[in-house]
K.L.:
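First, the structure itself, so that you have it in front of you.
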2 protein chains.
Amino acid sequence: MSLSQTFQALSEPNRQKIIDALKKREMPVSEIALNLNITLPTLSHHLDILKRADLISGRREGQQIIYSLNLSVVEEVAEKIAKFLTTDTKFRSTD
Amino acid sequence: MSLSQTFQALSEPNRQKIIDALKKREMPVSEIALNLNITLPTLSHHLDILKRADLISGRREGQQIIYSLNLSVVEEVAEKIAKFLTTDTKFRSTD
DNA sequence: ATAATATTTAGATAGGCATCTAAATATCTA
DNA sequence: TAGATATTTAGATGCCTATCTAAATATTAT
C-alpha cells in the first residue's frame with residue numbers, strides 16, 4: 001500500500017467514522033451503519049476501500065459480517081505517516 | 001483544517017514530493033518544479049492546496065516566490081493523525 | 001422449500017479534481 | 001519603457017469517486 005493510497009483511504013469523512021467506530025470494538029455492518037447517514041451499498045463501498053487498504057478485515061458470522069480494525073497495520077501506517085511528516089532530511093545521508 | 005481536508009491535501013503524490021523537497025530546505029517554485037513532471041500551472045495549483053491546508057507558506061523574493069514548510073503545523077498534523085490512528089477508545093470516557 | 005434478514009454487486013449519475021494551454025500579473029534588467 | 005523571467009489565473013477536458021436504486025447472493029428460520 002502506497003502512502004498516497006493510504007491517505008486517500010483515510011481522507012473520506014465516512015471512512016474516518018467507520019475507523020472511529022471500529023476502534024471501540026469490532027461490529028457488524030448493520031451496527032456501523034447506525035453512525036452514518038449513507039445507504040448500505042455506499043457503506044459497503046467504503047468498507048471495500050478500507051479493506052483494500054488493509055486497514056480493516058471482515059469475517060462472516062452467520063448472516064452478519066463482522067468488521068474489525070487491523071490494529072498492527074494501523075500502527076504501521078501511523079508510524080509511516082509520522083516518519084513522512086516529521087523526519088528532518090536536512091542532515092540525513094541519501095539512504 | 002479538518003482531518004479529512006488534511007488527509008486529502010496529503011493524498012496526492014506530487015504534493016507529497018513537494019513536501020519532501022521542502023523538508024530539506026525552502027526553495028522557489030522553479031526549483032520545486034525540477035522534481036516533478038507537471039507544468040507550472042499544475043504545480044501552482046498544488047502549492048495553493050498545500051497553502052490552504054496551512055502546510056506551507058510562500059514569500060516573494062524579487063521575481064521568485066520562496067516556499068517553505070510550516071514546521072509547527074506539520075508537527076501538529078502529525079500528532080493529530082497519530083492520535084486518530086492509535087488512540088484506543090475502548091476504555092475512554094466520552095470526552 | 002419459502003420467506004426473512006444481512007450484505008454485496010451492477011449500473012447510472014453528479015460533482016470534484018488533476019491536468020493542460022493560453023493569457024495575465026509581477027518583478028527585474030537593459 | 002521594453003523585454004525577459006517567474007508565477008498565477010482562466011477556462012476547458014477527462015477521469016475518478018461518492019452516491020443512489022434495483023437486483024443478486026448468502027444465511028437463517030419457519
Side-chain angles (χ1 to χ4, degrees), chain A residues 1-22 24-70 84, chain B residues 1-22 24-70 84:
Chain A
M1 239 331 176
S2 79
L3 198 57
S4 300
Q5 290 171 309
T6 302
F7 276 130
Q8 191 135 1
L10 294 171
S11 71
E12 212 282 330
N14 287 310
R15 292 198 284 269
Q16 288 175 20
K17 286 179 192 159
I18 292 170
I19 289 176
D20 258 331
L22 295 180
K24 299 190 186 66
R25 54 184 161 72
E26 61 181 20
M27 57 181 79
V29 177
S30 52
E31 188 175 352
I32 298 173
L34 298 177
N35 299 297
L36 307 169
N37 273 327
I38 55 179
T39 61
L40 285 169
T42 300
L43 172 52
S44 186
H45 163 72
H46 288 309
L47 292 171
D48 190 49
I49 287 173
L50 291 172
K51 250 188 297 184
R52 280 191 272 107
D54 202 28
L55 294 167
I56 65 173
S57 301
R59 67 171 197 284
R60 181 172 280 277
E61 255 184 33
Q63 281 169 290
Q64 304 193 123
I65 295 181
I66 313 290
Y67 280 91
S68 55
L69 263 196
N70 292 342
F84 169 67
Chain B
M1 240 328 179
S2 78
L3 198 56
S4 299
Q5 289 170 309
T6 302
F7 276 128
Q8 191 133 1
L10 295 171
S11 72
E12 212 281 329
N14 288 310
R15 291 198 287 269
Q16 289 175 19
K17 286 179 192 158
I18 293 170
I19 289 176
D20 259 332
L22 295 180
K24 301 191 185 65
R25 55 185 161 70
E26 61 180 23
M27 56 181 79
V29 177
S30 53
E31 188 176 353
I32 299 173
L34 299 178
N35 300 296
L36 306 171
N37 273 327
I38 55 178
T39 62
L40 284 168
T42 300
L43 172 51
S44 187
H45 164 72
H46 287 310
L47 291 171
D48 189 49
I49 287 174
L50 291 172
K51 249 188 296 183
R52 281 191 274 108
D54 202 27
L55 294 167
I56 66 173
S57 300
R59 68 172 196 283
R60 182 173 279 278
E61 255 184 32
Q63 280 167 292
Q64 306 193 122
I65 296 181
I66 313 288
Y67 280 92
S68 55
L69 264 196
N70 292 341
F84 168 66

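Order of the sequence lines fixes the chain letters, A, B, ..., with proteins taken first and strands second; residue numbering starts at 1 for each chain. Only a predicted model underlies this, so the values are computations on that prediction, with no experimental measurement involved. Because only heavy atoms are used, hydrogens play no part in the values below, and waters and symmetry mates are left out as well, while side chains stay in.
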K.L.:
Taking any heavy-atom pair under 4.0 Å as a contact, classify A:Ile49: base, sugar-phosphate, or nothing.
P.N.:
sugar-phosphate
K.L.:
Has A:Gln64 got a side-chain atom pairing as donor or acceptor with A:Glu61's backbone, closer than 3.5 angstrom?
P.N.:
no
K.L.:
Rounded to the nearest Å, what distance is computed from the CZ atom of residue B:Arg52 to the P atom of nucleotide C:dG16?
P.N.:
13 Å
K.L.:
Could you state the atom-to-atom distance from CG of B:Leu43 to P of D:dT9 in whole Å?
P.N.:
13 Å
K.L.:
Could you state the CD1-C1' distance from A:Ile56 to C:dT7, rounded to the nearest angstrom?
P.N.:
13 Å
K.L.:
Who passes side chain to side chain donor-acceptor pair (under 3.5 Å) against B:His45, sequence neighbours left out?
P.N.:
none
K.L.:
Atom CG of A:Asp48 and atom C1' of D:dC16: how far apart are they, to the nearest Å?
P.N.:
15 Å
K.L.:
Using whole Å, report how far CD of B:Gln5 lies from C1' of C:dC17.
P.N.:
15 Å
K.L.:
Could you pull out the protein-nucleic contacts involving nucleotides 11-13 of chain D (nitrogen or oxygen on both sides, under 3.5 Å)?
P.N.:
none

K.L.:
Please list every donor-acceptor pair under 3.5 Å in which a side-chain atom of residues 47-55 of chain A meets a protein atom from a residue at least two apart or in another chain.
P.N.:
unit_1	atom_1	unit_2	atom_2	d
A:Asp48	OD2	A:Arg52	NE	3.1
A:Asp48	OD2	A:Arg52	NH2	3.0
A:Lys51	NZ	A:Tyr67	OH	3.2
A:Asp54	OD1	A:Asn70	ND2	3.4

K.L.:
Whole angstroms only, please: what is the CG-C1' distance between B:Leu36 and D:dT7?
P.N.:
15 Å
K.L.:
Take nucleotides 19-30 of chain C nucleotide by nucleotide from the 5' end and write B, S or -, depending on whether a protein heavy atom sits under 4.0 Å from the base, only from the sugar-phosphate, or from neither.
P.N.:
BBBB---SBS--
K.L.:
Report yes if at least one side-chain N or O of A:Tyr67 is closer than 4.0 Å to OP1 or OP2 of C:dT8; otherwise report no.
P.N.:
yes
K.L.:
Who passes side-chain contact (heavy atoms from CB on, under 4.5 Å) against A:Glu31, sequence neighbours left out?
P.N.:
A:Arg25, A:Met27, A:Pro28, A:Leu34
K.L.:
Give me each pair satisfying salt bridge (charged side-chain N to carboxylate O under 4.0 Å, His left out) with a member in residues 3-13 of chain B, each pair once, sequence neighbours excluded.
P.N.:
none
K.L.:
Identify, with sequence neighbours excluded, every residue that meets side-chain contact (heavy atoms from CB on, under 4.5 Å) alongside A:Arg60.
P.N.:
A:Ile65
K.L.:
Quick check on C:dG16: is either OP1 or OP2 less than 4.0 Å from any side-chain nitrogen or oxygen of B:Gln8?
P.N.:
no
K.L.:
Specify the separation, in whole Å, of atom CD of B:Gln64 and atom C1' of D:dT8.
P.N.:
15 Å
K.L.:
Under the side-chain contact (heavy atoms from CB on, under 4.5 Å) rule, collect the residues that match up with B:Asn35, sequence neighbours excluded.
P.N.:
B:Ala21
K.L.:
Please give, in whole Å, the distance from C:dC17 C1' to B:Leu50 CG?
P.N.:
14 Å
K.L.:
Would you say that A:Ile19 contacts A:Leu10 through its side chain, given a criterion of any heavy-atom pair below 4.5 Å between the two side chains?
P.N.:
yes
K.L.:
Are B:Ser30 and D:dT5 close enough that a side-chain N or O sits under 4.0 Å from OP1 or OP2?
P.N.:
no
K.L.:
Partners of B:Leu40 by side-chain contact (heavy atoms from CB on, under 4.5 Å), sequence neighbours excluded?
P.N.:
B:Val29, B:Ala33, B:Leu43
